[in-house]
Amino acid sequence: MSSGEKNDLIFKALAAPVRREILDELKDRPLTTGDLCARFPRLDRCTVMQHLKVLEAAELVLVKREGRERWNHLNPLPIKAIHDRWIGAYAARAVDMLDRMKRDLED
């Protein structure tokens, strides 16, 4: 899979607000699928599983099975890659522009 295709999967996964909420829940600690279902009572278990499948395909969630439990772990590396590729470069340019504007106003 090309890096462009991987990025598409990541952006697709992050496009849905509920998937971003799931990632927020996993930010501090891994949770079982049952724990996630309990945190999203408005969704049935099948819907939570569908969202986890999209997050897993984008490698934003890593799954570890322990007995009958499925533990979902946040994988921050794809988000860092998006940051490094898109946000970091654009933010650096914006900071440079603001710095030039500040210097021009001070002159």
Side-chain angles (χ1 to χ4, degrees):
M1 179 180 303
S2 72
S3 64
E5 291 170 326
K6 287 181 185 178
N7 285 342
D8 289 347
L9 288 175
I10 295 165
F11 281 118
K12 176 187 173 188
L14 294 174
V18 70
R19 289 195 283 267
R20 293 191 304 270
E21 289 177 48
I22 290 171
L23 293 177
D24 286 341
E25 291 294 328
L26 296 173
K27 182 177 54 176
D28 296 326
R29 70 206 157 286
L31 295 169
T32 65
T33 300
D35 291 335
L36 284 170
C37 290
R39 291 169 190 255
F40 294 92
R42 67 187 189 273
L43 304 175
D44 61 40
R45 184 176 182 84
C46 184
T47 302
V48 171
M49 291 293 296
Q50 288 173 342
H51 285 297
L52 285 170
K53 184 177 179 180
V54 172
L55 291 168
E56 195 175 350
E59 298 180 3
L60 290 163
V61 169
L62 302 174
V63 175
K64 182 178 179 189
R65 296 185 189 282
E66 291 182 12
R68 296 187 67 194
E69 292 184 316
R70 173 188 154 108
W71 284 89
N72 301 282
H73 299 257
L74 173 66
N75 179 16
L77 295 179
I79 296 171
K80 182 184 181 321
I82 292 292
H83 175 273
D84 292 348
R85 167 59 179 92
W86 294 97
I87 299 166
Y90 290 97
R93 184 169 181 223
V95 169
D96 288 342
M97 287 173 32
L98 289 171
D99 185 47
R100 278 188 306 232
M101 185 173 17
K102 180 180 179 268
R103 281 182 283 151
D104 288 348
L105 290 171
E106 289 174 343
D107 289 342

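The basis for the numbers below is simple: all heavy atoms, side chains too, and nothing from hydrogens, waters or symmetry mates.
Taking NZ of Lys27 as the reference point, atom CD of Glu25 lies at 9.0 Å (rounded to 0.5 Å). We find the CG-OG distance between Asp8 and Ser2 to be 7.5 Å, quoted to the nearest 0.5 Å.
In this structure, Ile82 is a member of the same hydrophobic cluster as Leu74, with clusters built from ILVMFWY side-chain heavy atoms closer than 4.5 Å. In the hydrophobic clustering of this structure, Leu31 groups with Ile79; members are Ile, Leu, Val, Met, Phe, Trp, Tyr whose side-chain heavy atoms approach within less than 4.5 Å, directly or through other members.
Partners of Lys6 under the side-chain hydrogen bond (donor to acceptor under 3.5 Å, both in side chains) rule, at least two apart in sequence or in another chain, do not exist in this structure. In terms of the side chain to side chain contact (heavy atoms under 4.5 Å, CB included) criterion, residue partners of Glu69 (sequence neighbours excluded) are, by chain and number, Thr32, Trp71. Residues passing the salt bridge (charged side-chain N to carboxylate O under 4.0 Å, His left out) test with Asp28: none are found, sequence neighbours excluded. The side chain to side chain contact (heavy atoms under 4.5 Å, CB included) test applied to Arg103 returns Asp99, Arg100, not counting sequence neighbours. Take Glu106 and apply the side chain to side chain contact (heavy atoms under 4.5 Å, CB included) test, not counting sequence neighbours, and it matches Lys102. By the salt bridge (charged side-chain N to carboxylate O under 4.0 Å, His left out) test, Glu5 is found to be paired with no residue, residues two or more places apart in sequence or in another chain being considered. For Asp24, there are no side chain to side chain contact (heavy atoms under 4.5 Å, CB included) partners, not counting sequence neighbours. Under the rule for a salt bridge (charged side-chain N to carboxylate O under 4.0 Å, His left out), the partners of Arg42 that lie at least two apart in sequence or sit in another chain are Glu21.
The other residues sharing a hydrophobic cluster with Leu105 are Leu98, Met101, where clustering joins ILVMFWY side chains under 4.5 Å apart. Other cluster members for Leu77: none, since no ILVMFWY side-chain heavy atom sits under 4.5 Å from it.
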Which pairs would a plain distance check flag for residues 45-58, meaning a side-chain donor or acceptor within less than 3.5 Å of a matching protein atom at least two apart in sequence or in another chain?
residue : atom : partner : partner atom : Å
Thr47   : OG1  : Asp44   : OD1          : 2.8
His51   : ND1  : Arg19   : NH1          : 3.1
Glu56   : OE1  : Arg70   : NH2          : 3.1

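The closest side-chain heavy-atom distance from Val63 to Thr33 is not below 4.5 Å. Residues Leu23 and Val61 are in side-chain contact: their nearest non-hydrogen atoms beyond the backbone lie under 4.5 Å apart.
Sorted by first and then second residue, the salt bridge (charged side-chain N to carboxylate O under 4.0 Å, His left out) pairs with a member in residues 71-84 read Lys80-Asp84; sequence neighbours excluded.
In this structure, Asn75 contributes its side chain and Glu59 its backbone to a donor-acceptor pair below 3.5 Å.
Counting non-hydrogen atoms of other residues, nucleotides and ligands closer than 6.0 Å to CZ of Arg65 gives a total of 12 or fewer.
Taking all atoms of both residues into account, the shortest heavy-atom contact from Asn72 to Leu26 is O-CD2, 3.4 Å.
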